[in-house]
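Presented below is the structure to which this report refers.
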Amino acid sequence: MARSKSISIIILLVVIALFILSWVIKATTFESDPDRISLWFSVRDAFFITMAAFLTLAIFSFLYKDNPYYKFAEHLFVGISAAYWMCVGFWSTLVGNLVPNISETLSTFFKVPYKGFHFTYFVPLILGIILLMRLSSKHGWISRWALAWIVGTTAGLNLIRYLRTDFISQVSNTFVPLLVDWKGVGPFFSDFSLSSTGQFAMTLSNWVIFIGVFCGLIYFFFSKEHKGIFGTASRVGIWVLMITFGASFGYTVMGRVSLLVGRLTYLFKDWLGLIS
Amino acid sequence: MKRQFPLALVFIFGFAMIIQYFIPHQHSEWVNAFFMDWMMIIGIFALALGIWSLTRVSWDKVKHKRENWQYAIVTLAGLFLMIFFGFDYFRHFSTAVGSDNYMYVHFYQYIVIPIQATMFSLLAFFIASAAYRAFRARSLLATLLLIAALVIMLRFNPLLGPLQPVMEKFSVWLLNVPNLAAKRAIVIGVGLGMVATALKVILGIERAYLGKD
Amino acid sequence: MKLKTLIVLMIMLLMSYVPAMAQGDPDVINPEDTTVAEVITPAPATNLSASDTPNDHGHSIDLSWDLSVDDGAGMNNVIGYMVYRATSMDGPFESRSGLLLKTTDYIDAGAINEYENGYMPDHTDYYYKIRALTADTAVYSDSEIFGPIQSYGQWFNWERLAVLLMVAGFLFLTVFFINKAKKGADLFVRRLAGIEAVDEAIGRATEMGKPILYVLGLGTAADIATIASYTILGRVAKKVAEYQTGLIVPCYDPIVMTVAQETVKTAYLDAGRPDAYNEDMVYFVTNQQFAYVAGVNGVMLRERPATNLYMGKFYAESLILAETGTVAGSIQISGTDEISQIPFFVVACDYALIGEELYAASAYLGKEPLLLGSLKAQDYAKAGVIFLAIIGFLSLMFGYDGITDFFHVR
Amino acid sequence: MNIFDRMMSLDRRWVFLLLAVVCVITFVWGFSVPITISDEVEAIYNRFDALQEGDMIYMSVDYDPNALAELHPSTYAIAEMCFRKKVKVIFGTLSNLGQGMVHQAITDITDSVKQDATYNGVFYEGREIQNGIDFVFLGYKPYPAMVIQAMGLDFRVPFPTDYYGTPIDSIPIMQGVKNFDQCELVLDLAAGNVAEMWITYGHGNYGVPLCLAVTGVMGADLYPYLGSGQIFGLAAGLLGAAQIEKLADNPGRAMDGMRIQLFAHIVIILFIVMGNIGFLATRKRHKL
């Protein structure tokens with residue numbers, strides 16, 4: 001126990017030493033940079049660049065196991081990002097959207113151009129204040145009014161939006177001809193080709209789409225046991241789903257590796273300066 | 001009042017939103033945009049509740065010296081420092097981004113951005129470990145999953161030689177045809193599920209979220 | 001040399017139309033395209049007719065006409081058309097369009113509010129004529145005047161009839177089956193493995209004496225998937241309260257957090273254990289995708305929950321969460337309607353609810369007849385879709401695309 | 001525990017380590033890998049290649065810095081190609097966090113066009129790219145669906161001024177340019193559902209010839225639109241970007257990224273194969 005503790009202290013010291021070393025080296029390389037006017041600026045910037053590299057490595061260390069460095073980075077990240085969104089929300093939404101529409105005095109105070117009094121902006125203001133009533137244990141139930149408004153409006157709006165944009169278009173797109181360009185049995189065989197734009201391939205594809213959609217929907221049937229013909233259809237449905245999931249997974253592997261490239265670029269180029 | 005009024009609100013606003021779609025007016029998109037605008041403003045008030053919750057949970061940890069309480073201090077320090085810099089209004093201010101305080105900008109640039117990008121890039125590793133663990137020919141379904149993934153992953157691999165163009169054609173077909181069918185089935189199902197859920201909410205059948213007392 | 005000057009002159013003439021183009025419409029003429037030999041008064045556009053634009057909010061008139069015989073044929077000197085409008089037969093007529101090239105229809109839409117520029121009042125008589133223009137601004141010919149015609153708004157958008165029918169049909173099905181259920185009809189719903197696993201997982205957590213982690217995802221309060229997730233959370237929380245297991249609900253969106261708090265509180269009340277409810281079970285982490293993930297990952301590895309439930313909207317973080325959960329040794333059940341993320345959950349979780357199953361879960365878990373009624377409605381609607389698809393195929397085979405058109409909603 | 005068991009139940013950290021090592025090696029050691037061109041990317045290139053001097057296109061750069069690795073190479077390669085061919089470009093963005101990034105990208109591209117260069121055997125003399133004459137950057141406005149629809153009517157509706165605050169009417173290249181009708185085509189570089197909005201509103205309402213460059217994850221979802229002809233080309237992920245770089249004869253970050261990806265892929269596939277060999281071998285044993 002004592003030994004593992006001393007090891008972690010040694011590691012901590014090494015990490016701190018490396019951090020300081022990197023900071024000093026970065027600061028000295030910056031000093032020759034004409035953009036950085038004073039020593040103070042180079043020291044500050046060098047600190048942040050080293051910090052970013054340290055945090056990058058701290059997050060990567062999570063791959064080995066949970067450790068104090070990851071915990072530090074995680075907790076710092078949570079705190080700072082929550083505050084960041086609070087600030088962005090305050091300045092851009094409250095000051096940017098709400099204030100110019102409700103009060104001239106506040107607009108001058110926050111130095112934003114006053115757009116005139118708009119009654120409609122009092123609705124979210126009042127609902128927002130109602131929401132804050134949660135903090136009161138006695139009148140907390142009033143906040144449900146705001147929740148009810150949000151949930152009700154969301155439900156109505158999204159129901160329609162989804163039906164219109166996704167659902168109906170998918171249904172109508174399923175209406176594909178099962179015999180593409182059918183001119184009879186003779187021409188079908190005489191002009192037979194396997195090319196992907198050929199009649200055979202198109203017809204086959206349309207059949208696969210039709211059967212795929214059909215069986216996929218059967219798979220999602222809840223009120224009938226998956227037995228007999230119904231069971232076969234639903235099994236075909238899940239096959240099609242699985243093939244799709246495999247394909248999507250394989251497809252995504254590609255993009256994910258490129259994210260790593262971005263981080264490697266930071267570590268090797270911006271921080272260590274190993275490659276140009 | 002405590003229970004009936006919110007339910008009435010849900011019902012009235014839910015139906016009003018449905019009906020507005022069928023009445024011609026200038027742009028139905030605008031209703032949505034307007035709603036989003038309002039939601040954003042309400043969201044800021046809610047965010048205050050969120051920050052309150054985060055602070056209380058963290059402070060609780062510190063106060064009772066729960067496990068890992070030291071890190072809760074880091075969270076609190078980060079939170080309040082950033083809020084302090086972000087509201088450093090009288091000296092540095094521009095409407096577009098709020099504060100342009102040096103520390104605020106650099107905290108974002110050198111702490112938030114790198115950690116975010118690194119968390120995201122962990123996916124490269126996790127996708128590898130998930131593939132190694134899950135892509136086993138255990139059953140017919142697992143095998144289908146495995147084969148489809150391999151085909152797509154290999155489609156541009158030049159090491160395949162003459163097989164490569166075949167693989168590529170096949171993978172394009174996979175993406176265009178069965179993929180389309182399965183996604184359509186899912187989208188249609190999801191659409192119905194959404195409509196059902198939304199209707200249940202509007203009709204007041206589903207009301208767990210409205211509390212009870 | 002002479003030819004060149006002529007072309008330059010012509011281009012300059014055409015350029016004089018540019019201001020008109022600025023407020024114009026599709027098919028604005030491209031000067032280089034037209035080659036006009038000589039300029040003689042062309043034949044006018046014919047058969048002008050106008051009607052109120054259907055399915056709109058008013059303030060708009062549809063126009064259509066036939067091309068001048070000299071457009072593209074005959075003397076071939078018509079380069080385009082402009083729409084003119086007046087409020088009386090005798091004018092004055094003002095131009096309402098840019099230069100329209102080989103066009104036979106136009107929608108004359110004005111502003112809807114009096115204070116705006118180009119306000120076009122409803123219920124006012126309008127008179128229209130179409131001017132066929134040549135390369136020479138002085139040479140043109142007008143069609144016969146059409147009018148009077150009035151614009152007015154409609155109360156219903158008939159183009160959206162398909163959507164209304166679907167909503168109404170579905171509403172009817174839902175209400176019908178719910179009523180049936182209320183009267184005590186036994187509605188059969190098959191076993192859903194993923195959903196039953198939720199029950200088992202709660203039991204497992206109790207045995208192990210470890211908490212359950214419930215992740216509502218990155219959805220905002222405006223996502224229906226999140227609404228579905230609240231209802232599942234309600235059921236889970238009720239069971240958790242009954243079994244006296246712990247519950248951890250870290251939240252991404254603050255509004256979602258408030259709703260989730262209310263839901264969990266209600267569930268504990270329903271289970272008869274309001275004393276066991278603690279406001280901090282449902283807490284806010286942060287509003288940023290990967291910071292949230294970092295936080296939840298930490299909880300997974302430190303609290304070691306017996307079961308992780310991921311229900312709602314998920315994006316790129318799905319795999320990070322699910323893989324970390326595997327490392328922590330938790331049983332994982334997921335449900336999302338975000339199609340691009342389902343594969344990752346299928347691969348990395350023990351059970352994955354695919355798309356619609358997420359919405360079914362809330363009804364199924366409660367086993368309340370009222371909610372099962374809506375599941376039945378969903379099934380009948382799916383059968384309807386399959387039926388429609390077959391009708392669609394058949395009609396396309398016989399060369400009729402009216403059905404496809406009907407479902408094509410703008 | 002024999003070798004097959006071990007192959008099956010390898011600690012995931014070995015997977016991580018090998019992947020990391022391979023990535024770092026291929027990252028530092030620059031060699032090039034062959035890239036095959038797919039039809040949907042070639043379609044994009046051909047349309048751009050056919051553009052004439054003086055034509056105008058609209059480039060919507062709708063991603064934020066998160067998707068930079070995958071989409072920036074396409075933005076660079078295509079914009080540079082347009083400038084070399086003296087095609088005018090209207091830039092716009094529908095991503096809030098993308099504004100500064102787009103501005104930076106345009107600056108970088110105009111810098112590199114100052115150099116003389118040879119692409120596909122054609123010599124291009126370096127020239128000064130001028131804001132307002134060779135391109136315009138409209139900037140950002142929220143609610144993408146509405147912005148797209150408004151631009152279909154007139155660029156001036158959503159963007160009365162450009163990103164730098166110049167009124168559109170006083171920008172030389174915008175003279176006589178009203179909406180998409182004056183653009184030969186629209187290229188949307190997207191990392192979210194904006195791509196679908198372009199299809200629905202841009203192509204659906206205004207019939208703009210549309211092509212997309214998107215992140216790898218989105219590619220699979222967008223393939224159906226190629227079949228239906230709503231988009232004429234699709235470049236997905238880093239691979240799409242690398243193909244564009246190759247076609248445009250302008251190798252850059254995407255080609256580098258492809259090298260790393262190819263080897264990372266091989267590592268992952270080897271692990272999958274290994275796991276399966278172990279699994280099949282042990283399963284036989286268990287059966288006996």
Side-chain angles (χ1 to χ4, degrees), chain A residues 48 51-52 55-56 59 63 71 75-83 86-87 89 91 93-94 98 112 124 127-128 131-132 141 144-145 148-149 152-153 155-157 159-160 162 166-167 170 205 208-209 212-213 216-217 220 240-244 246-247 249-251 253 256-257 259-260 263, chain B residues 2 6 9-10 13-14 17-18 21 38 40-42 44-47 51 54 71 74-75 78-79 82-83 86 95 98 106-107 110-112 114-115 118 120-121 123-125 127 141 144-145 148-149 152-153 174 177-182 184-185 187-189 191 194-195 198 201-202 210-211:
Chain A
F48 277 113
M51 185 74 180
L55 292 170
T56 302
I59 295 289
L63 290 171
K71 283 185 205 166
H75 283 84
L76 186 68
F77 190 24
V78 166
I80 290 189
S81 65
M86 179 81 205
C87 297
W91 291 119
T93 306
L94 277 196
L98 182 65
V112 283
L127 286 171
L131 201 61
L132 286 182
W141 56 273
R144 284 181 208 146
W145 295 0
W149 181 84
T153 320
L157 210 52
L159 182 154
I160 285 297
Y162 202 85
D166 290 328
F167 183 73
Q170 290 301 335
S205 296
V208 172
I209 291 179
V213 174
L217 283 176
F220 287 117
V240 177
L241 288 179
M242 280 301 162
I243 291 174
T244 303
F249 192 102
Y251 201 91
V253 173
R256 297 316 186 209
V257 176
L259 295 167
L260 190 59
R263 280 293 84 194
Chain B
K2 277 186 183 180
L9 273 183
V10 171
F13 279 98
M17 287 302 126
I18 295 178
Y21 174 74
W38 283 13
M40 267 163 64
I41 294 172
I42 299 174
I44 299 304
F45 287 93
L47 197 53
I51 301 277
L54 178 64
Y71 297 100
V74 177
T75 302
L79 181 73
M82 194 66 171
I83 290 184
T95 25
H106 278 65
F107 265 34
Y110 291 99
I111 294 179
V112 176
I115 302 187
T118 314
F120 202 0
S121 71
L123 269 174
F125 294 101
I127 212 164
L141 287 183
L144 284 173
L145 194 75
I152 301 284
M153 279 171 73
L174 266 185
V177 180
N179 182 35
L180 181 72
R184 221 165 246 173
V187 168
I188 291 173
M194 274 196 178
V195 176
V201 166
I202 293 172
L210 278 182

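First the proteins, then the strands, lettered A, B, ... as listed; each starts at 1.
Annotation: ring-ring contact (aromatic ring centres under 6.0 Å, His included) contacts of Phe45(B) (sequence neighbours excluded): none. Every residue meeting the side-chain contact (heavy atoms from CB on, under 4.5 Å) condition with Leu79(B), not counting sequence neighbours, appears here in chain and number order: Ala82(A), Ala83(A), Ile51(B), Leu54(B), Thr55(B), Ile83(B).
Taking chain A as the reference chain and counting heavy-atom pairs below 4.5 Å, the highest number among Ile152(B), Thr118(B), Ile42(B) is found for Thr118(B). Of the listed residues Val112(B), Leu9(B), Leu141(B), the one with more heavy-atom pairs under 4.5 angstrom with chain A than any other is Leu141(B). The candidate from Leu55(A), Val240(A), Thr153(A) with the greatest count of non-hydrogen atom pairs under 4.5 Å with chain B is Thr153(A). Contact count versus chain B (heavy atoms, under 4.5 Å) is highest, among Pro124(A), Gly89(A), Gly128(A), for Pro124(A). Put simply, of Gly79(A), Gly212(A), Ala155(A), the one with the most heavy-atom pairs under 4.5 Å next to chain B is Gly79(A). Of the listed residues (Pro178(B), Gly191(B), Gly189(B), Pro114(B)), the greatest number of heavy-atom pairs within a distance under 4.5 Å of chain A belongs to Pro114(B). Note: Val253(A) leads Val257(A), Val78(A), Val253(A) in heavy-atom pairs under 4.5 Å with chain B. Taking chain A as the reference chain and counting heavy-atom pairs below 4.5 Å, the highest number among Val201(B), Ile115(B), Val177(B) is found for Ile115(B).
Within the 3.5 Å criterion, the main-chain N or O of Pro6(B) finds no donor-acceptor partner in the side chain of Trp149(A). Side-chain atoms of Thr75(B) come within 3.5 Å of backbone N or O of His75(A) as a donor-acceptor pair.
Ring-plane geometry between His106(B) and Phe48(A) is classed as tilted, the angle between the planes lying from 30 to 60 degrees on a 0 to 90 degree scale.
Only the side chain of Leu63(A) comes within less than 4.5 Å of a heavy atom in chain B; its backbone stays farther off. The parts of Ile209(A) that come within reach of chain B are both its backbone and its side chain, each placing non-hydrogen atoms under 4.5 angstrom from that chain. The contact between Tyr71(B) and chain A is made by backbone and side chain atoms together, counting heavy-atom distances below 4.5 Å. In this structure, the portions of Ile18(B) lying under 4.5 Å from any heavy atom of chain A include both its backbone and its side chain. Heavy atoms of Ile41(B) lying under 4.5 Å from chain A belong to its backbone as well as its side chain.
Contact detail for Ala148(B) and Ala247(A): the closest heavy-atom pair is CB-N, 3.7 Å.
Contact check for Val187(B) versus Tyr162(A): side-chain heavy atoms found under the 4.5 Å cut-off.
For the atom pair CG of Leu94(A) and CE of Met40(B), the computed distance is 9.5 Å after rounding to the nearest 0.5 Å. For the atom pair Leu76(A) CG and Lys71(A) NZ, the distance stands at 15.5 Å (nearest 0.5 Å).
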